[in-house]
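Numbering starts at 1 and runs along the sequence shown. Bear in mind the structure is a predicted one, so any value in this text is a computation, not a measurement.
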Amino acid sequence: SELYFAAFEFTIAIGIMEIVILMLRVYFRSPVASKAETVENIVFWMGSSYLVIAYLINMTIPAEWFVFWSGIIMLFGLALVARSFILLAKR
């Protein structure tokens, strides 16, 4: 349980760091592709922090371990979709 809580804190910290990076990219007017990549990272890290707290820390049955990993795979896809929406909005 302590290991999963440390993983949760790590994913939250990376997500907050990515939000700060996005604010700096907006402030310094970085290219849209760089901003889109940062948004992709934010979606992934914040989503994975939710999955860690929902499925690993509050795990009631061992089968939820597989639900966690399928959620991570879905987060990869969701992050790519978020990135593509930003790149599409540029056009």
Side-chain angles (χ1 to χ4, degrees):
S1 157
E2 293 176 10
L3 177 68
Y4 295 146
F5 192 73
F8 169 71
E9 289 177 344
F10 175 76
T11 56
I12 286 289
I14 296 293
I16 291 170
M17 185 183 68
E18 289 291 336
I19 291 171
V20 170
I21 289 172
L22 180 64
M23 289 189 297
L24 289 172
R25 286 189 189 274
V26 169
Y27 180 74
F28 290 117
R29 297 186 179 156
S30 293
V32 175
S34 299
K35 294 175 194 171
E37 181 181 353
T38 306
V39 168
E40 176 186 11
N41 292 338
I42 290 170
V43 168
F44 176 75
W45 286 109
M46 292 306 219
S48 63
S49 68
Y50 168 74
L51 289 176
V52 167
I53 200 80
Y55 291 111
L56 294 182
I57 293 178
N58 299 326
M59 185 185 305
T60 56
I61 56 174
E64 288 185 2
W65 176 255
F66 299 109
V67 175
F68 168 76
W69 285 110
S70 63
I72 291 291
I73 292 169
M74 288 185 350
L75 267 176
F76 280 125
L78 182 63
L80 288 174
V81 168
R83 180 180 181 169
S84 66
F85 276 143
I86 292 175
L87 292 175
L88 185 65
K90 179 191 172 202
R91 289 183 173 196

For Val43 and Ala79, work out which heavy atoms get closest and say how close.
CG1-CA, 4.0 Å
For residues 11-35, tabulate all N or O donor-acceptor pairs below 3.5 Å that involve a side-chain atom, not counting sequence neighbours.
{"from": "Thr11", "atom 1": "OG1", "to": "Ala7", "atom 2": "O", "distance (Å)": "3.2"}
{"from": "Thr11", "atom 1": "OG1", "to": "Phe8", "atom 2": "O", "distance (Å)": "2.8"}
{"from": "Arg25", "atom 1": "NE", "to": "Thr38", "atom 2": "OG1", "distance (Å)": "2.9"}

Mind checking whether Val39 and Phe85 sit in one hydrophobic cluster, side chains of I, L, V, M, F, W, Y counted as touching below 4.5 Å?
no
Which residue pairs pass the salt bridge (charged side-chain N to carboxylate O under 4.0 Å, His left out) test when at least one of the two sits in residues 57-84, sequence neighbours left out?
Glu40-Arg83
Phe10: partners by ring pair (Phe, Tyr, Trp, His ring centres under 6.0 Å), with sequence neighbours left out:
Trp45
Considering only residues two or more places apart or on different chains, which pairs with a residue in residues 46-55 satisfy salt bridge (charged side-chain N to carboxylate O under 4.0 Å, His left out)?
none
Within the structure provided, determine whether Phe76 and Leu80 are in side-chain contact (heavy-atom separation under 4.5 Å).
no
I'd like to know if Tyr50 and Ile57 are part of one continuous hydrophobic network [Ile/Leu/Val/Met/Phe/Trp/Tyr, side-chain heavy atoms within less than 4.5 Å].
yes
Please enumerate all residues that pass ring pair (Phe, Tyr, Trp, His ring centres under 6.0 Å) together with Tyr55, with sequence neighbours excluded.
none
Which heavy atom of Ala36 sits nearest a heavy atom of Ile86, and at what distance?
CB-CG2, 3.8 Å
Does Val52 belong to the same Ile/Leu/Val/Met/Phe/Trp/Tyr cluster as Met74, with side-chain heavy atoms less than 4.5 Å apart forming each link?
no
Not counting sequence neighbours, which residues clear side chain to side chain contact (heavy atoms under 4.5 Å, CB included) with Trp65? List them please.
Tyr4, Leu56, Met59, Trp69
Could you grab the distance from atom OG of Ser48 to atom CD1 of Ile53, nearest 0.5 Å is fine?
12.0 Å
Would the number of heavy atoms belonging to other residues, nucleotides or ligands and lying under 6.0 Å from CZ of Phe68 be above 12?
yes
